[in-house]
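Written out below as structure tokens is the structure these notes cover.
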There are 2 protein chains.
Amino acid sequence: MSARKKILDAALQEMSAKGADATSLRMIADAVGIKTPSIMYHFPTKDALRKAVLEEQLSRWNDVLPTLIMATSRDGNGRFEALTAELSKFFLEEPARARLIMRELMDRPEEMQLYLNRYIAPWIQLIAEQVQLARSKGNVSGDVDATAFVWVMVTSVMANAALAESIRLEPIAESGPTTQTHTPRLTQELIRMARSSLFSSPLEPHHSQKGESSYHGKLFKR
Amino acid sequence: MSARKKILDAALQEMSAKGADATSLRMIADAVGIKTPSIMYHFPTKDALRKAVLEEQLSRWNDVLPTLIMATSRDGNGRFEALTAELSKFFLEEPARARLIMRELMDRPEEMQLYLNRYIAPWIQLIAEQVQLARSKGNVSGDVDATAFVWVMVTSVMANAALAESIRLEPIAESGPTTQTHTPRLTQELIRMARSSLFSSPLEPHHSQKGESSYHGKLFKR
DNA sequence: CCTACCGATCGGTAGG
DNA sequence: CCTACCGATCGGTAGG
């Protein structure tokens, strides 16, 4: 593996664990087994290294994109469930990825706007259009905000992966043989929610009982 | 306002913006209008200040707890929608709160385990029991994992609030008069999802079409 | 609450 | 890729 790649990998781990601004070049150099000036040969500044790490991870969206588009454009009821499942796989296979992106979104919101627009927003819109299409066909509840739905699922799955090490629920003792590589409970529930929250015409009408529905209006009056 | 409180407030803002480890005492001192040694008079170390800020925010859960318990123990269909709405209010009224907790969960997972167990886990379990009760009455879908559901909603609402400044969707041009203080779209959708994802017996059966359901098994085999 | 100061560590450079 | 070194900033202390 090239020295550059080794540095990128170590930087991803360190920066995702403590945040880029709280990670020193020395920590990264130690992890690789070199001295800090050697890092400067491959990357002109610390900030350039941070950006390289970030852009490498963001560009990985392209790996899941085909699967994602294919799954959601296909017909059938499981397709938006598949969206959440694939998304979970993408983040859980490298938890440092989820943490890094979450951190950068909080550390540098303005800079991340640009990256979101370039790497992520376009295909979120594409998938949202699939949801919208299903909605117009009546396969999906009419009060779903398609674009907001996809964004919520992405951020929720990402946050879930980022916090996976901090929030651990014990697996439920279930009947049947032990499944070795089990999907974590939070992820499993998130996938279930994605599916069931899209179903059209739920049993209860939207405005259910007198005056106790619709918190939207009275919520933020303070 | 006491000097101590001024320091705590400034520290919350700075630490939530850049992370505690990337925030210097000088940044906090400047925000308050004092010098760094003056901070050390009120807090013995930087770490003690960080813990004081964190514990102050975590203890605020007690403010919403009564409302939360009351809303979810009440009967009616809007109660779990109310859970999400109240939770959103709690985090959105002070976005720094959501960011700080998200960051600490990533920075110091082991330390946060203790705080979660002390401040949050008990009443999450309490609300989960309400969901479980509604489930056994048939008011809530049978395949809901009650505990996981509440945790997912808490983390999702928190992440949504933490990223509110980075991810902005334009409000949808809707009929009717302009609502001045509108609930953001992502939050609105999150509330809708909480409600609709709990409904029992959705139109489609769980295992819908031949072989394309249940991603749980085949998801993580790689 | 301040000034003055401490050793340690930071990102980065010079020169090889 | 290294050693040697730079000025700046870090958390924290002494003393008032």
Side-chain angles (χ1 to χ4, degrees), chain A residues 1-57 96 99-100 103-104 106-112 115, chain B residues 1-57 96 99-100 103-104 106-112 115:
Chain A
M1 187 161 53
S2 76
R4 188 191 151 90
K5 182 79 176 89
K6 273 190 216 159
I7 295 170
L8 279 173
D9 286 357
L12 169 63
Q13 295 306 323
E14 300 293 330
M15 289 180 169
S16 70
K18 288 286 170 189
D21 298 328
T23 302
S24 66
L25 292 174
R26 188 165 197 285
M27 293 162 66
I28 298 165
D30 283 353
V32 178
I34 55 176
K35 304 291 177 181
T36 44
S38 303
I39 294 181
M40 312 308 280
Y41 172 78
H42 297 280
F43 302 92
T45 61
K46 184 192 176 186
D47 205 59
L49 171 57
R50 176 187 64 79
K51 278 181 178 152
V53 171
L54 177 62
E55 281 170 21
E56 195 204 19
Q57 292 307 314
R99 288 196 302 265
L100 185 88
R103 286 184 187 282
E104 288 296 320
M106 292 190 284
D107 288 353
R108 281 162 279 273
E110 337 73 39
E111 181 188 308
M112 284 303 280
Y115 285 118
Chain B
M1 187 161 55
S2 75
R4 188 191 150 90
K5 182 81 175 90
K6 272 191 216 161
I7 294 170
L8 279 173
D9 285 358
L12 170 62
Q13 295 306 323
E14 300 293 330
M15 288 180 170
S16 70
K18 288 287 170 188
D21 298 328
T23 301
S24 66
L25 292 174
R26 187 165 197 283
M27 293 163 66
I28 298 165
D30 283 353
V32 178
I34 56 177
K35 304 292 178 182
T36 44
S38 303
I39 294 181
M40 311 308 282
Y41 172 78
H42 297 279
F43 302 92
T45 61
K46 184 192 176 185
D47 205 59
L49 171 57
R50 177 188 63 79
K51 278 182 177 152
V53 171
L54 177 61
E55 282 170 20
E56 194 204 20
Q57 292 306 313
R99 287 197 303 264
L100 185 88
R103 285 184 186 283
E104 288 295 320
M106 292 190 284
D107 288 352
R108 280 163 279 273
E110 335 73 38
E111 181 188 309
M112 285 303 281
Y115 284 118

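Letters A, B, ... mirror the listed sequences (proteins, then strands); counts begin at 1. Nothing here was measured: the structure is a model prediction, and the numbers come from that model.
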Would a 4.5 Å heavy-atom cut-off, applied to side chains only, mark [X] and [Y] as touching?
X        : Y        : answer
B:Asp107 : A:Arg103 : yes
A:Phe43  : A:Lys51  : no
B:Glu104 : B:Gln57  : no
B:Leu54  : B:Arg108 : no

### Message
Going by purine N1 to pyrimidine N3 plus the second Watson-Crick contact, or the G-U wobble pair, all under 3.5 Å, which nucleotide sits opposite D:dG16?
### Response
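C:dC1 is the nucleotide pairing with D:dG16.
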### Query
Does any N or O in the side chain of A:Lys46 come within less than 3.5 Å of the main-chain N or O of A:Ala20, such that one atom is a donor and the other an acceptor?
yes
### Query
First contact, last contact: which nucleotides of DNA chain C are these for chain A, 5' to 3', heavy-atom distance under 4.0 Å?
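Span of nucleotides near chain A: C:dC10 to C:dT13.
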### Query
Going by number, which of residues 20-37 of chain A have a non-hydrogen atom under 4.0 Å from DNA chain C?
A:Thr23, A:Ser24, A:Leu25, A:Arg26, A:Pro37
### Message
If we check side chain to side chain contact (heavy atoms under 4.5 Å, CB included) with A:Ile28, which of these qualifies: A:Ile39, A:Val53, A:Leu12?
### Response
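That would be A:Ile39.
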### Summary
Taking every heavy atom of A:Ser16 against every heavy atom of A:Gln13, the minimum-distance pair comes out as OG-O, 3.0 Å
### Query
Is it true that B:Asp9 and B:Lys6 have a side-chain N and a carboxylate O under 4.0 angstrom from each other?
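Not counted as a salt bridge, because no side-chain N and carboxylate O are separated by less than 4.0 Å.
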